[in-house]
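Since the structure comes first, as structure tokens, the remarks are kept for the end.
Fair warning: this is a prediction, and the values are worked out from it, not measured in the lab. Throughout, protein chains are lettered first and strands after them, A, B, ... in sequence-line order, and every chain is numbered starting at 1.
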Amino acid sequence: MEKKIQLYNSISRQKEEFKPIHDTHVGMYVCGPTVYSDVHLGNCRTFISFDIIFRYLKFIGYKVRYVRNITDVGHLLDDGEDRILKGARLQQLEPMEVVQKYTNGFHAMMRIFNTEEPSIEPRATGHIVEQIEMVQQIIDNGYAYEANGSVYFDTLKFAQSTGEYGKLSGRVIEELVAESRDNLKNQDEKRHPSDFAIWMKAAPEHIMKWNSPWSIGFPGWHLECSAMSTKYLGTHFDIHGGGNDLKFPHHENEIAQNIGSCGCHPAKYWLHTNMLLLNGKKMSKSDGNTISPLELFSGDSVHISQGYSPMVVKFFMLQAHYSAPLDLTDEGLQAAEKGFKRLMEASKILSKLQGLNAGKGSLDEEMIGLADAALTEMSDDFSTPKALAKLFELVPKINSLGDGKLSLNDVSDTALDHVRQSFHGLIFDVFGLKDEQAGENNAVDGLMNLILSIRQKARANKDWPTSDEIRDGLKAAGIVVKDSKDGSSWTYE
RNA sequence: GGUCUCGUGGCCGAGAGGCUUAGGCAAAGGUCUGCAAAACCUUCUACAGCGGUUCGAAUCCGCUCGAGACCUCCA
């Protein structure tokens, strides 16, 4: 690969050069959602971030296998009830109906945000056999013990003999003793408070349960990711990602399970996305400081003054680095909406520009430089904000070329092609943005051409009332007319 | 309470020891325009506070204040 990527590895706590295990192929695993309710907006940020990483790696030539799971069993609530089962009980649905319902909703939302589908999207319940095998391996290696039909991971023994526990999250096993609460389920069956269940015996009324060597039960949360990443990416793969709230215990325990079962570190690079805040505070349903994606789109929320389209929301997210917290505010969204439109307009103008057929233009070097710089910024830990900044530096050039303030004699067509490739490549192929206003409607184009030509005649005759009537009427219909020296153009508001 | 992260101009957000006025939005002035919008040009120079290290700090260290994450379900 020509591009050298630097990325921040959570486990080493520093930026490293990305060197894939296999030259041209990259394996990436991202912890997907637990499908027990509508997808959270913060979730969307995480998956959009990894979608862009996936797309960028492909864009620069890697073959990427991107695995993102669906967790549909084993993820328990505080009181020990399975999240899926609680959803089923409350909505009077079969557990798998709950799973299907919210999986569908999640997929629909990912499509709305124009993300690509992962290469493989495995489900926890589809990999019970693999999980049972992994539990057995861990027991065989002496890092787990059975108690009452449940199996627990022996964190103390693992920590003492491998020294691996706590590396990712920076935790020390001794401290976990004092910190661990004692009101968790089956605390008495554990040898150590920080031990965690990898197989749980099911109560008789529990619906989702499977036969195993230890009991009729279900796998522990964390185990599904260990089992499925191993199955589809191997025991050691390139990138493991997720939200940073999963660092502990989820990812820490995942690492323990992988090392405990096969002796290998699952991932070379750990990437963590940061939280999305609303008005400077954590989103929280209980105090009303929350907004759903659909409310954001419709504007039906006290936190925003209007609706924002999915691409505006996505653009807003791209203006911040994935590893930094991002504060969602109405003002911020409004700024993003304008910026996004400006970028899209420039992109449209860029498609139509034609420069010199031969030779070099005086603007060539600068424009190519900015376009290349935008791509290079992405190699620095996938910095979408820096890449966007470079693209925005190109915007005045593009607009000036478009309306004649800069001469097309000063730029070569080869240079424009080069710029187009990077500009459009980044915006559409890597960021996965799309022009929501792009009318693929020939009838509208035809009508607008007709209307604008009538107005042009009125203007030529200095018939301002007619000219303004047309412009005002169109404005009322949501269409903005822009006059320039060589005619008028239009765009949706 | 413990572990960790962060605090940048009117707002959002990059940067991470000495040239970046990063970028977006807003605001002001100007060019263009029948008017307007758009576009273009120009202006607005900040790094929570207090100490310290250094020739030099927004960038390193300490303390204070504030925010957030994890420890307990969460991306």
A:R459, nearest nucleotide to its side chain (from B:C12, B:G34, B:A39): B:G34

Sugar-phosphate, base or nothing in reach of A:G242, heavy atoms under 4.0 Å: sugar-phosphate

Give A:H321 one of three labels, base, sugar-phosphate or nothing, depending on what nucleic acid heavy atoms sit under 4.0 Å from its own. sugar-phosphate

Rounded distance in Å between the C1' positions of B:C32 and B:C41: 11 Å

Base B:A39 paired with A:K405 side chain (donor-acceptor, <3.5 Å): yes

A:K386 side chain: which of B:C25, B:G68, B:A14 is closest? B:A14

Dot-bracket for RNA chain B, please, read 5' to 3', with Watson-Crick or G-U wobble pairs under 3.5 Å on both distances, ( ) within the strand, [ ] crossing, | other strand, . unpaired. (((((((..(((.....[....))).(((((.......)))))....(((((..]....))))))))))))....

At 4.0 Å (heavy atoms only), tell me whether A:E345 reaches a base, stays on the sugar-phosphate, or touches nothing. nothing

Mind checking the P distance from B:U20 to B:A36? Whole angstroms is fine. 41 Å

When we call it a touch if two heavy atoms are under 4.0 Å apart, what does A:A336 touch: a base, just sugar-phosphate, or nothing? nothing

Of the listed nucleotides (B:C40, B:C71, B:A69), which one gets closest to any side-chain atom of A:D245? B:A69

Listed nucleotide nearest any side-chain atom of A:A335, set B:G24, B:A22, B:C71: B:G24

Measuring to OP1 and OP2 of B:A39, would you say a side-chain N or O of A:K482 lies under 4.0 angstrom away? no

Could you tell me the separation between the CD atom of A:E393 and the P atom of B:U20, rounded to a whole number of Å? 13 Å

Protein-nucleotide distance (A:K282, atom NZ; B:C70, atom C1'), rounded to Å: 10 Å

Exercise: do A:S305 and A:Q334 side chains pair donor with acceptor under 3.5 Å: yes

Find the distance A:L326:CG to B:C6:C1' and express it as a whole number of Å. 14 Å

Under 4.0 Å, counting only non-hydrogen atoms across every strand here, what does A:L406 touch: a base, just sugar-phosphate, or nothing? nothing

Answer with base, sugar-phosphate or nothing: what part of the nucleic acid does A:S383 contact at a heavy-atom distance below 4.0 Å? nothing

Please measure how far the P atom in B:U54 lies from the corresponding atom in B:C65, and state the result in whole Å. 28 Å

Polar pair under 3.5 Å, donor/acceptor by atom type, side chain A:N274, base B:G68: no

Using a cut-off of strictly less than 4.0 Å, decide whether A:N244 has a side-chain nitrogen or oxygen near OP1 or OP2 of B:A69. no

Rounded to the nearest angstrom, tell me the gap between atom NZ in A:K167 and atom P in B:U3. 21 Å

With ring centroids as reference points, do A:F113 and A:F315 lie under 6.0 angstrom apart? no

Please report, rounded to the nearest Å, how far the P atom of B:G66 is from the CG atom of A:N279. 21 Å

With heavy atoms under 4.0 Å as the rule, sort A:P33 into base, sugar-phosphate or nothing. nothing

Please report whether the ring centroid of A:F196 lies less than 6.0 Å from that of A:Y152. no

For the base of B:C35, is there a side-chain donor-acceptor partner from A:D483 under 3.5 Å away? yes

Given the C1' atoms of B:C63 and B:C71, what is the spacing between them in whole Å? 25 Å

Ignoring hydrogens and geometry beyond distance, is the side chain of A:R471 in donor-acceptor contact with the base of B:A37 at under 3.5 Å? no

What is the distance from CD of A:Q456 to C1' of B:G34, rounded to the nearest Å? 13 Å

For B:A14 and B:G7, measure between their C1' atoms and round to the nearest Å. 15 Å

Looking at the rings of A:F18 and A:Y269, which for Trp means the six-membered one, are their centres under 6.0 Å apart? yes

Test item: A:Q131 side-chain N/O and A:E224 main-chain N/O as donor-acceptor pair under 3.5 Å: yes

In terms of side-chain heavy atoms of A:A320, which of B:C70, B:A39, B:A14 is nearest? B:A14

Is the A:H251 to A:H222 ring centre distance short of 6.0 Å? no

Rounded to whole Å, CD of A:Q14 lies from P of B:U5 at a distance of 14 Å

Distance in angstrom units between A:K15 NZ and B:U59 C1', rounded: 14 Å

Does the side-chain ring of A:W464 sit on the six-membered ring of the B:G34 base, less than 5.5 Å centre to centre and under 30° in tilt? yes

Could you check whether A:P396 gets within reach of a base, just the sugar-phosphate, or nothing at all, counting any heavy atom under 4.0 Å? sugar-phosphate

